[in-house]
Peer 1: 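Structure provided below as structure tokens; questions to follow.
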Amino acid sequence: MRRKLFVPPIPSSEITPESVYLNRRSFMQAGVAFAASGIGMGANSAASGVTAMEYRKASKSSNGFYTDEDLTPAKDMSSYGNFYEFGTGKADPASYAHEMSVDPWTVEVVGEVGKPGKLHLEDIMSGFDLEERIYRLRCVEAWSMVVPWIGFPLSDLLARFEPTSKAKYVEFRTLHDPKQMRGTRSFTSIIDWPYREGLRMDEAMSPLTLLSVGMYGNTLPNQNGAPIRLVVPWKYGFKSIKSIVQIRLTNKKPKTSWETLAPREYGFYANVNPSVDHPRWSQASERRLPSTLFKPNRIPTLPFNGYEEQVGELYAGMDLKKYY
Ligand code: MTE
């Protein structure tokens, strides 16, 4: 059962640089009325005199948390995707992910942490300040979407477990249960399950890196990675691992699923980069969904998926053609 999620209109993590405050005041003085398109637009926003939309407009360019591009309709987002645990077809996740049970659910955090432990889904839903982020998602296959996620920064969760000074990387694992995941018991299955992904510690701590528990105002549909998934908007979509059950901090670069499978095609970094093509296709442009034969909606791809201002520094001095 999917549930509505309440998210305060102004995320607590963003209280409030002066420039934004001034902008917000000038919106109000000008008496500009914005349509409240988002979620959690109840009494709170009326009381504070500012809607999430106003706030987004005031702050969108600086922190990268929002974009005012058209959202991909929820039905397109949840009916077309990749979740190989349920098959390799684009519609397989929507057809079969309901066979996975997501409640109860626990995420264990282990490795280079002072306080290893487990979080139950209830602890996660009640223990972190949820916020809405509108991000572009760019798949390595050259399609893209714009999605209103609900979640909280990965750094908030990691801090609770007290990373040690040896923690240089974070490895993530998806649930692996062949009984519930028909794609993992198929003889054509190519991945060495469980699905694994990883980030460098500084990437994991970026304010853009989100653990998502919802989208479009509700909890996540199973096919989109319920009950909790990663969203790393400046990297190709395969880094945004779904249905996470384990987070391990390590001092060694983790072996990730796609890099292990085809290292020349899928690198560990996987930063969106229009000037480094995939060996079998160009990465210079993308199909923004919804896209049809007659209206392909092809747009240029941006370096770091448009988040260079926020994350470019993490890669200063690195040869991005070598570390793709
Ligand atoms: N996570 C798991 N566990 N298994 C997968 O097959 N596919 C990845 C990523 N996370 C995948 C996964 C890929 S290739 C993409 S593009 C995104 O999920 C797609 O996310 P979406 O289906 O929610 O749009």
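We count ligands from 1, going down the list as the structure has it; atoms in each ligand are counted the same way.
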Peer 1: Determine whether the side chains of Arg196 and Ser257 contain a donor N or O and an acceptor N or O closer than 3.5 Å.
Peer 2: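 Side-chain D/A pair, Arg196 to Ser257: absent.
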Peer 1: Between Arg160 and Phe128, is NZ or CZ placed under 6.0 angstrom from the six-membered ring centre and within 45° of the ring axis?
Peer 2: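 Positive - Arg160 is close enough to the ring of Phe128 and near enough to its axis.
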Peer 1: Are Lys255 and Phe268 in a cation-pi contact, defined as NZ or CZ under 6.0 Å from the six-membered ring centre and within 45° of the axis?
Peer 2: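 The answer is no; the distance or angle limit is not met.
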Peer 1: Enumerate the protein residues lying less than 4.0 Å from ligand 1, judged by heavy-atom distances, in chain and residue-number order.
Peer 2: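 For ligand 1, the contacting residues are Met77, Gly81, Asn82, Phe83, Tyr84, Glu85, Leu137, Cys139, Trp143, Met145, Thr174, Tyr195, Asn224, Arg229, Gly237, Phe238, Ser240, Ile241, Lys242.
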Peer 1: One thing to verify: whether Arg136 and Glu286 come together as a salt bridge, which I'm taking to mean a side-chain N less than 4.0 angstrom from a carboxylate O.
Peer 2: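 Answer for the salt bridge query: no.
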Peer 1: Just checking Tyr84 against Trp258, ring centres under 6.0 Å apart?
Peer 2: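 Yes - the distance between ring centres of Tyr84 and Trp258 falls below the 6.0 Å cut-off.
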Peer 1: Measure up the Tyr307 and Tyr135 rings against each other and bin them: parallel (under 30°), tilted (30 to 60°), perpendicular (over 60°).
Peer 2: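 Rings of Tyr307 and Tyr135: perpendicular, over 60°.
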